[in-house]
S.K.: 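Quick one: the structure is below, questions incoming.
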Amino acid sequence: MTQKAYDPQSIEKKWQQRWDDRHDFACRTDAARPKYYVLEMFPYPSGNIHMGHVRNYCIGDVMARCKRMQGFNVLHPMGWDAFGLPAENAAIKNHTHPAKWTYSNIDNMRCQLRRLGYSYDWARELATCRPEYYRWEQMFFLRLFEKGLVYRKNAPQNWCPSCHTVLANEQVIDGCCWRCDSKVEQKELTQWFMRITAYADELLRDLSLLEGKWPDRVIAMQRNWIGKSHGAAVTFPLAEPSEGAESIEVFTTRPDTLFGVTFMTLAPEHPLVEKLITGNPDADRVREFITKTRNMDRLDRQSDTLEKEGVFTGSYALHPITGERIPLWLGNFVLAGYGTGAVMGVPYADQRDFDFARKYGLPIKKIIQPADGNPDPTSMTEAMTAQGTLVACGEFDGMDNESAKKAITDKLQSMGLGHATTQFRLRDWNISRQRYWGAPIPVVYCPKCGLVPEREENLPVLLPLDAKVREDGRSPLPETPSFAECACPRCGGAARRETDTMDTFMESSWYFARYTSARTENTPFDEDAMRYWLPVDQYIGGVEHAILHLLYSRFFTKAMRDLGLYPKDLAEPFTNLLTQGMVLKDGGKMSKSKGNVVSPVEMIDKYGADTVRLFCLFAAPPERDFDWSDAGIEGSFRFLMRVWRLFQDEKDRLLMPMPPCGSTAADAASKTARDLRRKEHLTVKKATDDMCERFQFNTAVSAIMELVNAMYLARDVMTDDEGDRRVFSSAMATVLTMLSPVTPHVCEELWEDLGNVTPLAAAVWPAWDEAATQSDTLTIALQVNGKLRGTIEVPAGMDKDALETAARTDEAVLRHTKGMTIRRVIVIPKKLVNIVAG
RNA sequence: GCGAGAGUGGCGAAAUUGGUAAACGCACUGGAUUUAGGAUCCAGCACCGAUAGGUUUGGGGGUUCGACUCCCCCCUUUCGCACCA
């Protein structure tokens, strides 16, 4: 009876090597088997993995291993989101090349991931910076361009002065760059756009397919971002129309308040402004206002503390129904980019308009009478936003305001001055980046032919690796003749390449599809493989991508489907989404500046990967943040030691091979063993649900801990009879099998020590026998008026009457009902008896 | 302001359909073992109380025989959006 010491380092190395040699986690298309595609958001190769990565990949790995043991054909791949700005910055800082920096980081991080024993199919590994990958993206770009889903336009763009590039709206956080936090400026530029707005309605509508499968808040955030509003477009003719300036159109969600319009407010950027102020003696004052407002940066202009200011243009419009003269104002709070850049002013029913009217002494017209109260325009202190009945609205008087929305819109339509419409907040996605380390946009500018898309057969347009990164951060591509100077694909003459590269979010919008057939060379995807594996069944990642990556991927999926590149019935890329919580330290984010970064590699060196994995999963439910605790990881190590020791102590009593769960007979064993057997089946039932269905790994682990505790108690009491040994051995098999997705190395090692030749990774998930979970006796709670007064042990089959009698004669119950009349007795079989007395 | 969460012991948390609140673990306390430390084992551990017993899931109300769980009001807190007409 030699006892082996627990040496995680050697065990883990051994099993990682063996899984690798045997290709245990390689998978292939197999139409005969149900598939399960589990994916974690792939990492940016920043240098080292951190605890957030570890947690993310542990969650995915447990899912993958569980589903595999449950008989699913599991696809669980890993790759690298390898283009992007940090590579360029690091290259400048360290005098290296972004490619060199990126590939060496990938090598380093791959080693780190391997040390954690994740069950990836490494044969499908991809890196988005490789031409074999981005060539397909260039092809998609060309196809999308052909379809009009990619286009070029000149417009003010978000410009990050520190990164020297434009940013998508989604990449501007509180007016600052999502990467470097610099204040974002506006700059007029010609850029490439993805027509994501063409899918606004579908992106919104299909959120309902994700209800209950994606976190509510992610769905809510996307819904808000898309921002659909229903309302009406209304045309106000100008009082003094001129060439090219006949009317002003507004968008409103409140056409029912049309009769309350007493002014209109235009954005200072509105195209008709210059025409409206000609002839106004105060034109200079207006121009001054425009300049002042336009010079404010985006952050200040959009802050809620900004005082609402405006200026009268000197021009008037005519009310579309009443024909009244409506003064036209400019306002600093009107957004040029939303709706038509002009709003009708209804101070009675809109708080902003109310503030504006009060400030500039504009009239307020009462148009809706609420159910209670009687707002008076001369004395009211805030806008009336409640529902009500229309007054002073001509033919619409007496109508409730909800019905009036349609009625007034219909009236406008019949006059040719309006119609029902919708507005979205969503803007098209700017995908041009003035950076080097990205996928080249496959377009050529020819002096003769103009803009010419590259021919598909000429792809990939290679990003030149001999370009020198510039110290100032600007892209070297425009000054790299070998790249920028090229032949026109149409006429063959000298032409110039587009030197902007694509936003890195392009690469991550389709990588999950490439994994289904990562090595095909002549097509982006193998049709059969893609059809078999897509969509991703379970996606896991941080909530920081709730809008960016997850919205872009949803859009890209729909566009690719419509191009015929994805299966035509594929609506959504990710069926289920789990957003994992952050790993914190001392209540906050780990950061280098605070010096509180916990290094995964150090933890693996100290405790082994199994302990790190166990702690990450046991510390909290996966979607919740948790604080890293040095004491906590000690506890996880202790538990694995406890399992190890139990095994070593009892090794000689264990049967080989161990009987699978459910195979043991109850009658051949002692009472202790029978109780252990029941505990085993209860554990399988709970842990199966927690680990494989609910993904509550913390409670799954605690259930297994309870079983281990029960085994420790049982081992001293049990006999050495065959029946008892069978029960104990089965419980041991169950512990090792069910724990193996969480701590695979140590479980494999012990499994092998018992003489098993087939790997645990290929074992079948245990099944429980419902009958075996039943006990002969039950503990029944006794309550008097809902308060617990005691418990009694009764035979499992006891009927209601007998339970009631037992409860009524219980000593504690008698004590608490003394001198009272029993009015009612509630008997819940197998649970409790509640005696209502008074 | 709008939207989505969260609030339970000293701490991380559990309670899946309304049915014994605090499982599992951390920390802590006492004991055993040990030259010592560590490790391990045993016992205790929501709060008040010597006990009997009483109180307890952010606060207040309600439904119910029974509420962490359902309904209403309020408070605190995290995250996201925020002049979107």
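Chain letters run A, B, ... following the sequence lines, proteins first, then strands; residues in each count from 1.
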S.K.: Determine the interatomic distance between P on B:rU17 and the same-named atom on B:rC68; round to the nearest Å.
M.R.: 15 Å

S.K.: Can you tabulate the close N/O pairs, meaning under 3.5 Å, that link protein atoms to atoms of nucleotides 44-50 of chain B?
M.R.:
none

S.K.: Any chance you could encode RNA chain B as dot-bracket? Rule is Watson-Crick or G-U wobble with both distances under 3.5 Å; [ ] for pairs crossing earlier ones, | for another strand.
M.R.: (((((((..(((......[....))).(((((.......))))).(((....)))..(((((..]....))))))))))))....

S.K.: Between A:Trp644 and A:Tyr6, what is the ring plane arrangement, given parallel below 30°, perpendicular above 60°, and tilted in between?
M.R.: tilted

S.K.: Send over the distance from A:Ile226 CD1 to B:rA82 C1', rounded to a whole Å.
M.R.: 17 Å

S.K.: With A:Arg352, which residues qualify under side-chain hydrogen bond (donor to acceptor under 3.5 Å, both in side chains), at least two apart?
M.R.: A:Asp350

S.K.: Report, as a single string ordered 5' to 3', how protein heavy atoms within less than 4.0 Å touch nucleotides 52-57 of chain B: B base, S sugar-phosphate only, - not at all.
M.R.: SSSS--

S.K.: Can you find a side-chain donor-acceptor pair between A:Gln171 and A:Asn158 that sits under 3.5 Å?
M.R.: no

S.K.: For residues 625-633 of chain A, dump all side-chain donor-acceptor pairs below 3.5 Å to protein atoms at least two apart in sequence or in another chain.
M.R.:
from	atom 1	to	atom 2	distance (Å)
A:Asp625	OD1	A:Met582	N	2.7
A:Asp627	OD1	A:Asp586	N	2.9
A:Asp627	OD2	A:Gly587	N	2.6
A:Trp628	NE1	A:Asp630	OD1	3.2
A:Ser629	OG	A:Ala631	N	3.3
A:Ser629	OG	A:Gly632	N	2.7

S.K.: Using atom C1' in both nucleotides, what's the gap between B:rC72 and B:rC84 to the nearest angstrom?
M.R.: 32 Å

S.K.: Per the ring pair (Phe, Tyr, Trp, His ring centres under 6.0 Å) rule, what does the pair list look like for residues 207-236 of chain A, sequence neighbours excluded?
M.R.: none

S.K.: Applying ring pair (Phe, Tyr, Trp, His ring centres under 6.0 Å), name anything that partners A:His319, two or more places apart in sequence or on another chain.
M.R.: A:Phe259

S.K.: Testing the 3.5 Å rule here: is there a donor-acceptor pair between the side chains of A:Glu249 and A:Thr340?
M.R.: no

S.K.: Please enumerate all residues that pass side-chain contact (heavy atoms from CB on, under 4.5 Å) together with A:Thr381, with sequence neighbours excluded.
M.R.: none

S.K.: I'd like a list of close polar pairs between nucleotides 4-9 of chain B and the protein, N/O only, cut-off under 3.5 Å.
M.R.:
from	atom 1	to	atom 2	distance (Å)
B:rA4	O2'	A:Arg217	N	3.3
B:rG5	OP1	A:Asp216	OD2	2.6

S.K.: Since syn is defined as within 90° of 0, does B:rG9 count as syn or as anti?
M.R.: syn

S.K.: Between the protein and nucleotides 37-42 of chain B, list every N/O to N/O distance that falls short of 3.5 Å.
M.R.:
from	atom 1	to	atom 2	distance (Å)
B:rU40	O3'	A:Arg645	NH2	3.4
B:rC41	OP1	A:Arg642	NH1	2.7

S.K.: According to side-chain hydrogen bond (donor to acceptor under 3.5 Å, both in side chains), does anything in residues 258-267 of chain A pair up with another residue at least two apart or in another chain? List the pairs.
M.R.: none

S.K.: For RNA chain B, find the residues of residues 686-698 of chain A with a heavy-atom distance under 4.0 Å and give them by number; none if there aren't any.
M.R.: A:Lys686, A:Asp689, A:Asp690, A:Arg694, A:Asn698

